[in-house]
Amino acid sequence: MPANPKYLTTSKWQRFAKISAAILGGYLVSVLIHLALAAWLDRATVLITGSYTLFLLWTALMVLSFLAKNGWKLWGLYLIIILICGIAIYIGQSLSPLTT
């Protein structure tokens, strides 16, 4: 049964934003969340369990990205999350570097 056309996105730019946010943005957010956790918690444990939870989180973010009304706002949210995770990784690495 095909989808009702009134619920489909008509703008090609919105469609591109949602698809790219689902694939690329969701992956980047998933990876950076796991790297931020590895910077603050036990690295070996996070990296071992990360192989499973990263895929689950990425899949959930893919599904949620298609529920958003505006793909560009979603990209903005993803960029804010990426920035916060990047700062957390930087602070975590400078407080307890891997070489100690």
Side-chain angles (χ1 to χ4, degrees):
M1 185 162 122
N4 193 343
K6 70 179 181 180
Y7 296 115
L8 298 177
T9 304
T10 57
S11 170
K12 292 189 186 299
W13 286 108
Q14 280 297 317
R15 190 177 311 151
F16 170 75
K18 287 181 182 183
I19 292 171
S20 64
I23 296 171
L24 183 64
Y27 183 73
L28 288 175
V29 168
S30 300
V31 167
L32 286 175
I33 285 174
H34 283 83
L35 287 176
L37 287 173
W40 288 92
L41 302 174
D42 182 35
R43 287 176 177 85
T45 305
V46 172
L47 293 177
I48 289 170
T49 59
S51 61
Y52 301 108
T53 57
L54 188 136
F55 179 72
L56 293 173
L57 182 61
W58 185 25
T59 307
L61 289 173
M62 276 187 175
V63 170
L64 290 176
S65 68
F66 288 108
L67 296 175
K69 295 282 184 191
N70 191 340
W72 299 114
K73 288 182 183 177
L74 182 66
W75 260 115
L77 176 67
Y78 281 176
L79 289 176
I80 290 171
I81 293 171
I82 288 170
L83 182 67
I84 290 170
C85 287
I87 291 170
I89 292 168
Y90 178 74
I91 292 172
Q93 287 295 322
S94 54
L95 289 179
S96 64
L98 188 60
T99 58
T100 59

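Under the 4.5 Å side-chain criterion, counting only non-hydrogen atoms from C-beta, I48 is not in contact with T45. At least one side-chain heavy atom of W75 sits under 4.5 Å from a side-chain heavy atom of L24.
Residues L95 and I87 fall within the same hydrophobic cluster, defined by Ile, Leu, Val, Met, Phe, Trp and Tyr side chains chained together at heavy-atom separations under 4.5 Å. I89 and L47 are not part of a single hydrophobic cluster, where members link through side-chain heavy atoms under 4.5 Å apart. A continuous path of ILVMFWY side-chain contacts below 4.5 Å connects L57 to I23, so both sit in one hydrophobic cluster. Hydrophobic clustering of Ile, Leu, Val, Met, Phe, Trp and Tyr side chains at less than 4.5 Å, counting indirect connections, keeps I84 apart from I91.
Taking every heavy atom of both residues into account, M62 and S65 meet most closely at O-OG, 2.8 Å. The nearest pair of heavy atoms linking I19 to F66 is CG1-CE2, 3.9 Å. Taking every heavy atom of both residues into account, Y78 and G26 meet most closely at CE1-N, 3.8 Å. Between W72 and F16, the shortest heavy-atom distance links the atoms CH2-CD2, 4.3 Å. Shortest non-hydrogen contact noted between R43 and Q93 is NH2-NE2, 3.4 Å. Contact record, A88 with W40: O-NE1, 3.0 Å, taken as the closest heavy-atom pair.
Remark: the backbone N or O of V29 is not paired with any side-chain donor or acceptor of W58 at under 3.5 angstrom.
In this structure, I33 CD1 and L28 CG are separated by 11.0 Å, a value rounded to the nearest 0.5 Å. The distance from atom CG of L74 to atom CG of L67, rounded to the nearest 0.5 Å, is 10.0 Å. Here the CD1-CG distance, from I81 to L61, works out to 7.5 Å after rounding to the nearest 0.5 Å. Here OH of Y27 is found 6.0 Å from CG of L54. Values are rounded to the nearest 0.5 Å. Taking NZ of K69 as the start and NZ of K18 as the end, the distance is 7.5 Å to the nearest 0.5 Å.
Other residues, nucleotides and ligands contribute at most 12 non-hydrogen atoms within 6.0 Å of the CZ atom of F55.
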